[in-house]
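See structure below.
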Number of protein chains: 2
Amino acid sequence: MVKSVLPGKPARGSRTGRPIMALLDLLGRRWTLRIVWELREEPRRFRELQDLIGASPTIVNARLAELREARLVELDAESGYRLTPLGRELLRLLLPLHHWSEKWAKALAAG
Amino acid sequence: MVKSVLPGKPARGSRTGRPIMALLDLLGRRWTLRIVWELREEPRRFRELQDLIGASPTIVNARLAELREARLVELDAESGYRLTPLGRELLRLLLPLHHWSEKWAKALAAG
DNA sequence: GTAGTTGCTACGGAAAGTGTAGCACACGTC
DNA sequence: GACGTGTGCTACACTTTCCGTAGCAACTAC
(Lines give C-alpha, C1' and ligand atoms only; values in the text may rest on other atoms or scores of the structure.)
Protein backbone atom coordinates (compact mmCIF):
# COMPACT_ATOMS: atom_id res chain seq x y z
CA MET A 1 0.00 0.00 0.00
CA VAL A 2 1.67 3.16 -1.23
CA LYS A 3 0.65 6.50 0.10
CA SER A 4 0.28 9.11 -2.55
CA VAL A 5 2.35 12.26 -2.42
CA LEU A 6 1.12 14.04 -5.48
CA PRO A 7 0.23 17.70 -5.77
CA GLY A 8 -3.51 18.14 -5.69
CA LYS A 9 -3.77 15.68 -2.87
CA PRO A 10 -3.03 17.16 0.53
CA ALA A 11 0.53 16.63 1.69
CA ARG A 12 1.25 15.10 5.06
CA GLY A 13 0.45 17.67 7.67
CA SER A 14 -0.47 20.42 5.28
CA ARG A 15 -4.08 19.85 4.36
CA THR A 16 -3.71 22.06 1.33
CA GLY A 17 -2.78 20.45 -1.94
CA ARG A 18 -0.27 23.14 -2.85
CA PRO A 19 2.42 21.70 -5.08
CA ILE A 20 5.27 23.11 -3.04
CA MET A 21 3.95 21.37 0.06
CA ALA A 22 3.57 18.11 -1.78
CA LEU A 23 7.10 18.48 -3.07
CA LEU A 24 8.60 19.31 0.32
CA ASP A 25 6.73 16.38 1.78
CA LEU A 26 7.96 14.02 -0.91
CA LEU A 27 11.58 15.18 -0.72
CA GLY A 28 11.44 15.25 3.08
CA ARG A 29 10.97 11.52 3.31
CA ARG A 30 13.90 9.44 4.34
CA TRP A 31 16.17 8.47 1.43
CA THR A 32 14.18 10.27 -1.25
CA LEU A 33 16.65 13.10 -1.83
CA ARG A 34 19.45 10.62 -1.63
CA ILE A 35 17.94 8.37 -4.29
CA VAL A 36 17.47 11.26 -6.70
CA TRP A 37 21.04 12.25 -5.99
CA GLU A 38 22.44 8.79 -6.72
CA LEU A 39 20.63 8.73 -10.03
CA ARG A 40 22.23 11.99 -11.13
CA GLU A 41 24.78 10.44 -13.49
CA GLU A 42 23.66 7.05 -14.65
CA PRO A 43 20.83 4.55 -14.23
CA ARG A 44 21.10 2.20 -11.29
CA ARG A 45 19.80 -1.26 -10.60
CA PHE A 46 17.60 -1.86 -7.59
CA ARG A 47 20.28 -3.63 -5.57
CA GLU A 48 22.95 -1.22 -6.71
CA LEU A 49 20.88 1.69 -5.47
CA GLN A 50 20.21 -0.14 -2.25
CA ASP A 51 23.93 -0.72 -1.66
CA LEU A 52 24.82 2.87 -2.54
CA ILE A 53 22.54 4.40 0.02
CA GLY A 54 22.58 1.57 2.54
CA ALA A 55 18.87 1.33 3.21
CA SER A 56 16.62 -1.70 3.44
CA PRO A 57 14.99 -3.00 0.27
CA THR A 58 11.59 -2.37 1.82
CA ILE A 59 12.10 1.33 2.03
CA VAL A 60 14.03 1.66 -1.19
CA ASN A 61 11.14 0.04 -2.96
CA ALA A 62 8.63 2.28 -1.19
CA ARG A 63 10.55 5.44 -2.12
CA LEU A 64 11.01 4.31 -5.69
CA ALA A 65 7.29 3.67 -5.95
CA GLU A 66 6.57 7.19 -4.75
CA LEU A 67 9.12 8.69 -7.10
CA ARG A 68 7.71 6.74 -10.00
CA GLU A 69 4.19 7.83 -9.13
CA ALA A 70 5.48 11.39 -9.04
CA ARG A 71 7.03 10.81 -12.46
CA LEU A 72 10.50 11.74 -11.33
CA VAL A 73 11.95 8.28 -11.73
CA GLU A 74 11.25 5.44 -14.13
CA LEU A 75 12.39 1.89 -14.55
CA ASP A 76 14.04 1.03 -17.82
CA ALA A 77 14.32 -2.69 -18.26
CA GLU A 78 17.64 -2.41 -20.07
CA SER A 79 19.52 -0.01 -17.83
CA GLY A 80 17.69 0.17 -14.50
CA TYR A 81 16.15 3.02 -12.54
CA ARG A 82 16.75 6.46 -13.99
CA LEU A 83 15.48 10.01 -13.76
CA THR A 84 12.68 11.04 -16.09
CA PRO A 85 12.92 14.39 -17.92
CA LEU A 86 10.92 15.85 -15.03
CA GLY A 87 13.30 14.24 -12.57
CA ARG A 88 16.30 15.68 -14.36
CA GLU A 89 14.75 19.13 -14.13
CA LEU A 90 14.44 18.69 -10.40
CA LEU A 91 17.99 17.41 -10.15
CA ARG A 92 19.22 20.51 -11.92
CA LEU A 93 17.69 22.58 -9.13
CA LEU A 94 19.33 20.38 -6.51
CA LEU A 95 22.82 20.32 -8.00
CA PRO A 96 23.84 23.68 -6.49
CA LEU A 97 23.45 22.06 -3.10
CA HIS A 98 26.64 20.12 -3.78
CA HIS A 99 28.85 23.15 -4.03
CA TRP A 100 27.06 24.95 -1.26
CA SER A 101 27.44 22.01 1.10
CA GLU A 102 31.22 22.36 0.82
CA LYS A 103 30.99 26.00 1.75
CA TRP A 104 28.68 25.11 4.60
CA ALA A 105 31.13 22.50 5.88
CA LYS A 106 33.93 25.05 5.86
CA ALA A 107 31.85 27.60 7.70
CA LEU A 108 31.08 25.05 10.39
CA ALA A 109 34.68 23.90 10.62
CA ALA A 110 35.82 27.50 10.98
CA GLY A 111 33.78 27.60 14.14
CA MET B 1 19.97 13.64 23.19
CA VAL B 2 20.32 15.13 19.72
CA LYS B 3 21.92 13.17 16.94
CA SER B 4 24.48 15.18 15.11
CA VAL B 5 24.12 15.74 11.38
CA LEU B 6 27.13 17.85 10.71
CA PRO B 7 29.51 17.46 7.80
CA GLY B 8 32.67 15.72 8.93
CA LYS B 9 30.65 13.26 10.91
CA PRO B 10 29.27 10.41 8.82
CA ALA B 11 25.70 10.92 7.73
CA ARG B 12 23.05 8.32 8.39
CA GLY B 13 23.77 5.40 6.13
CA SER B 14 26.65 6.98 4.30
CA ARG B 15 29.75 6.23 6.34
CA THR B 16 31.62 9.02 4.59
CA GLY B 17 31.56 12.49 6.07
CA ARG B 18 31.02 14.18 2.72
CA PRO B 19 29.18 17.45 3.20
CA ILE B 20 26.62 16.74 0.51
CA MET B 21 25.67 13.49 2.23
CA ALA B 22 25.36 15.23 5.56
CA LEU B 23 23.20 17.89 3.92
CA LEU B 24 20.95 15.40 2.14
CA ASP B 25 20.61 13.50 5.38
CA LEU B 26 19.72 16.62 7.33
CA LEU B 27 17.22 17.90 4.76
CA GLY B 28 15.79 14.44 4.29
CA ARG B 29 14.47 14.27 7.82
CA ARG B 30 10.80 14.75 8.33
CA TRP B 31 9.75 18.41 8.63
CA THR B 32 13.23 19.84 8.18
CA LEU B 33 12.72 21.20 4.68
CA ARG B 34 9.31 22.41 5.73
CA ILE B 35 10.68 24.33 8.71
CA VAL B 36 13.28 26.09 6.60
CA TRP B 37 10.55 26.90 4.14
CA GLU B 38 8.25 28.40 6.75
CA LEU B 39 11.07 30.63 7.97
CA ARG B 40 11.62 32.06 4.51
CA GLU B 41 9.91 35.39 5.13
CA GLU B 42 9.84 36.21 8.79
CA PRO B 43 10.88 34.83 12.16
CA ARG B 44 8.42 32.49 13.80
CA ARG B 45 7.70 31.59 17.39
CA PHE B 46 7.95 27.97 18.48
CA ARG B 47 4.20 27.45 18.70
CA GLU B 48 3.58 29.42 15.55
CA LEU B 49 5.95 27.18 13.65
CA GLN B 50 4.36 24.14 15.17
CA ASP B 51 0.90 25.23 14.07
CA LEU B 52 2.09 26.14 10.58
CA ILE B 53 3.48 22.72 9.83
CA GLY B 54 1.17 20.71 12.05
CA ALA B 55 3.78 18.52 13.72
CA SER B 56 4.19 17.56 17.35
CA PRO B 57 6.25 19.82 19.61
CA THR B 58 8.60 16.94 20.26
CA ILE B 59 9.70 16.67 16.70
CA VAL B 60 9.62 20.40 15.99
CA ASN B 61 12.00 20.86 18.87
CA ALA B 62 14.24 18.04 17.67
CA ARG B 63 14.44 19.45 14.15
CA LEU B 64 15.07 22.96 15.41
CA ALA B 65 17.89 21.65 17.57
CA GLU B 66 19.48 19.98 14.54
CA LEU B 67 19.04 23.08 12.42
CA ARG B 68 20.57 25.22 15.13
CA GLU B 69 23.49 22.86 15.50
CA ALA B 70 23.96 23.08 11.75
CA ARG B 71 23.88 26.86 12.04
CA LEU B 72 21.04 27.26 9.62
CA VAL B 73 18.54 28.49 12.19
CA GLU B 74 18.90 30.57 15.32
CA LEU B 75 16.63 31.70 18.10
CA ASP B 76 16.32 35.42 18.60
CA ALA B 77 14.68 36.22 21.91
CA GLU B 78 12.89 39.23 20.48
CA SER B 79 11.48 37.85 17.25
CA GLY B 80 11.65 34.06 17.46
CA TYR B 81 13.26 31.42 15.27
CA ARG B 82 14.85 32.72 12.10
CA LEU B 83 17.31 31.70 9.41
CA THR B 84 20.96 32.52 9.92
CA PRO B 85 22.96 34.03 7.03
CA LEU B 86 23.99 30.46 6.19
CA GLY B 87 20.36 29.40 6.35
CA ARG B 88 19.30 32.18 4.03
CA GLU B 89 21.91 31.05 1.54
CA LEU B 90 20.45 27.59 1.61
CA LEU B 91 16.95 28.97 1.25
CA ARG B 92 18.00 30.87 -1.83
CA LEU B 93 18.96 27.56 -3.40
CA LEU B 94 15.62 26.05 -2.43
CA LEU B 95 13.40 28.88 -3.62
CA PRO B 96 13.38 27.73 -7.27
CA LEU B 97 11.59 24.62 -6.06
CA HIS B 98 8.50 26.73 -5.56
CA HIS B 99 8.12 27.68 -9.19
CA TRP B 100 9.18 24.28 -10.42
CA SER B 101 6.64 22.53 -8.21
CA GLU B 102 3.87 24.38 -10.05
CA LYS B 103 5.21 23.18 -13.34
CA TRP B 104 5.52 19.67 -11.95
CA ALA B 105 1.90 19.75 -10.76
CA LYS B 106 0.74 20.79 -14.22
CA ALA B 107 2.74 18.05 -15.88
CA LEU B 108 1.15 15.49 -13.60
CA ALA B 109 -2.33 16.89 -14.09
CA ALA B 110 -1.87 16.78 -17.85
CA GLY B 111 -1.53 13.03 -17.46
C1' DG C 1 19.30 -28.44 -13.96
C1' DT C 2 21.49 -24.93 -11.64
C1' DA C 3 23.65 -20.75 -11.00
C1' DG C 4 23.23 -15.86 -11.44
C1' DT C 5 20.65 -11.62 -11.84
C1' DT C 6 16.48 -9.15 -11.84
C1' DG C 7 12.65 -6.51 -8.94
C1' DC C 8 10.36 -7.05 -4.99
C1' DT C 9 7.89 -8.94 -0.45
C1' DA C 10 7.37 -10.91 4.55
C1' DC C 11 8.13 -10.35 9.10
C1' DG C 12 9.76 -9.36 13.79
C1' DG C 13 12.13 -5.96 16.30
C1' DA C 14 13.93 -1.14 16.76
C1' DA C 15 13.54 3.68 15.99
C1' DA C 16 11.04 7.82 14.85
C1' DG C 17 6.89 10.55 14.92
C1' DT C 18 2.10 11.77 17.04
C1' DG C 19 -1.10 13.90 20.34
C1' DT C 20 -2.05 15.51 24.63
C1' DA C 21 -0.78 17.28 28.82
C1' DG C 22 1.99 20.02 31.46
C1' DC C 23 6.44 22.23 33.45
C1' DA C 24 9.39 26.30 34.42
C1' DC C 25 10.25 30.91 33.60
C1' DA C 26 9.27 35.60 32.37
C1' DC C 27 6.13 39.45 31.80
C1' DG C 28 2.29 42.53 32.85
C1' DT C 29 -1.89 43.75 35.85
C1' DC C 30 -4.56 44.28 39.33
C1' DG D 1 0.58 38.96 46.61
C1' DA D 2 -2.14 36.19 43.14
C1' DC D 3 -3.58 35.93 38.58
C1' DG D 4 -3.51 35.37 33.54
C1' DT D 5 -0.59 35.09 29.27
C1' DG D 6 3.17 33.96 26.38
C1' DT D 7 7.64 31.83 26.04
C1' DG D 8 10.56 27.40 24.92
C1' DC D 9 10.43 22.91 25.86
C1' DT D 10 9.53 18.00 28.05
C1' DA D 11 6.92 13.46 29.46
C1' DC D 12 4.56 9.68 28.12
C1' DA D 13 1.74 6.28 25.88
C1' DC D 14 0.38 5.20 21.33
C1' DT D 15 1.14 4.60 16.29
C1' DT D 16 3.73 4.63 12.21
C1' DT D 17 7.90 4.12 9.87
C1' DC D 18 12.19 1.96 9.15
C1' DC D 19 15.73 -1.75 9.57
C1' DG D 20 17.84 -6.37 8.79
C1' DT D 21 17.42 -10.67 7.25
C1' DA D 22 15.46 -14.04 4.56
C1' DG D 23 13.38 -15.44 0.58
C1' DC D 24 10.12 -15.57 -3.68
C1' DA D 25 9.10 -15.53 -8.72
C1' DA D 26 10.72 -14.57 -13.26
C1' DC D 27 14.26 -14.38 -16.54
C1' DT D 28 19.07 -15.46 -18.70
C1' DA D 29 23.09 -18.20 -19.50
C1' DC D 30 25.41 -22.27 -19.59
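Side chains are part of it too, since the values below use all heavy atoms of this structure and drop only hydrogens, waters and symmetry mates. Per chain, numbering begins at 1; letters A, B, ... match sequence-line order.
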Rounded distance in Å - [atom1] ([X]) to [atom2] ([N]):
X     : N      : atom1 : atom2 : answer
A/D51 : C/dG7  : CG    : P     : 12 Å
A/D25 : D/dT16 : CG    : P     : 16 Å
B/E66 : C/dA16 : CD    : P     : 10 Å
B/I59 : D/dT17 : CD1   : C1'   : 12 Å
B/R29 : D/dT17 : CZ    : P     : 18 Å

In terms of ring plane angle, is the pair A/H98 and A/W37 parallel, tilted or perpendicular, where the classes change at 30° and 60°?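 Because their plane-to-plane angle is over 60°, the rings of A/H98 and A/W37 count as perpendicular.
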Polar side-chain atom of B/R40 near backbone of B/L83 as donor-acceptor pair, under 3.5 Å: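 Such a contact is absent between B/R40 side chain and B/L83 backbone.
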Polar side-chain atom of A/T84 near backbone of A/R71 as donor-acceptor pair, under 3.5 Å: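 Yes.
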Between C/dG17 and A/R30, is there an OP1 or OP2 to side-chain N/O distance shorter than 4.0 Å?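 Answer is no, no contact under 4.0 Å.
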Taking 4.0 Å as the cut-off, does a side-chain nitrogen or oxygen of A/W31 come that near to OP1 or OP2 on D/dT17?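 Negative; the distance criterion is not met.
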Sort me out a list of protein N/O and nucleotides 4-12 of chain D N/O pairs below 3.5 Å, or just none if empty.
residue	atom	partner	partner atom	Å
D/dG8	OP1	B/R45	NH1	3.3
D/dG8	OP1	B/F46	N	3.3
D/dG8	OP2	B/F46	N	3.1
D/dG8	N7	B/R47	NH1	2.8
D/dG8	O6	B/R47	NH2	3.1
D/dC9	OP1	B/R68	NH1	3.2
D/dC9	OP2	B/Y81	OH	2.1
D/dT10	OP2	B/N61	ND2	2.5
D/dA11	N6	B/T58	OG1	3.4

Whether [Y] and [X] form a salt bridge (side-chain N of Lys/Arg under 4.0 Å from carboxylate O of Asp/Glu) is what I want to check.
X      : Y      : value
A/D25  : A/R29  : yes
B/E66  : B/R63  : yes
B/E102 : B/K106 : no

Polar atoms only, N or O, under 3.5 Å: list the protein pairs with nucleotides 26-30 of chain D and their distances.
none

Under the side-chain contact (heavy atoms from CB on, under 4.5 Å) criterion, do A/W104 and B/L86 qualify, and how do the steps go? CA-CA 7 Å; A/W104 172 57; B/L86 219 44; 3.6 Å; yes
Restricting to salt bridge (charged side-chain N to carboxylate O under 4.0 Å, His left out), what partner residues turn up for B/E42, sequence neighbours left out?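 B/E42: salt bridge (charged side-chain N to carboxylate O under 4.0 Å, His left out) contacts with B/R44.
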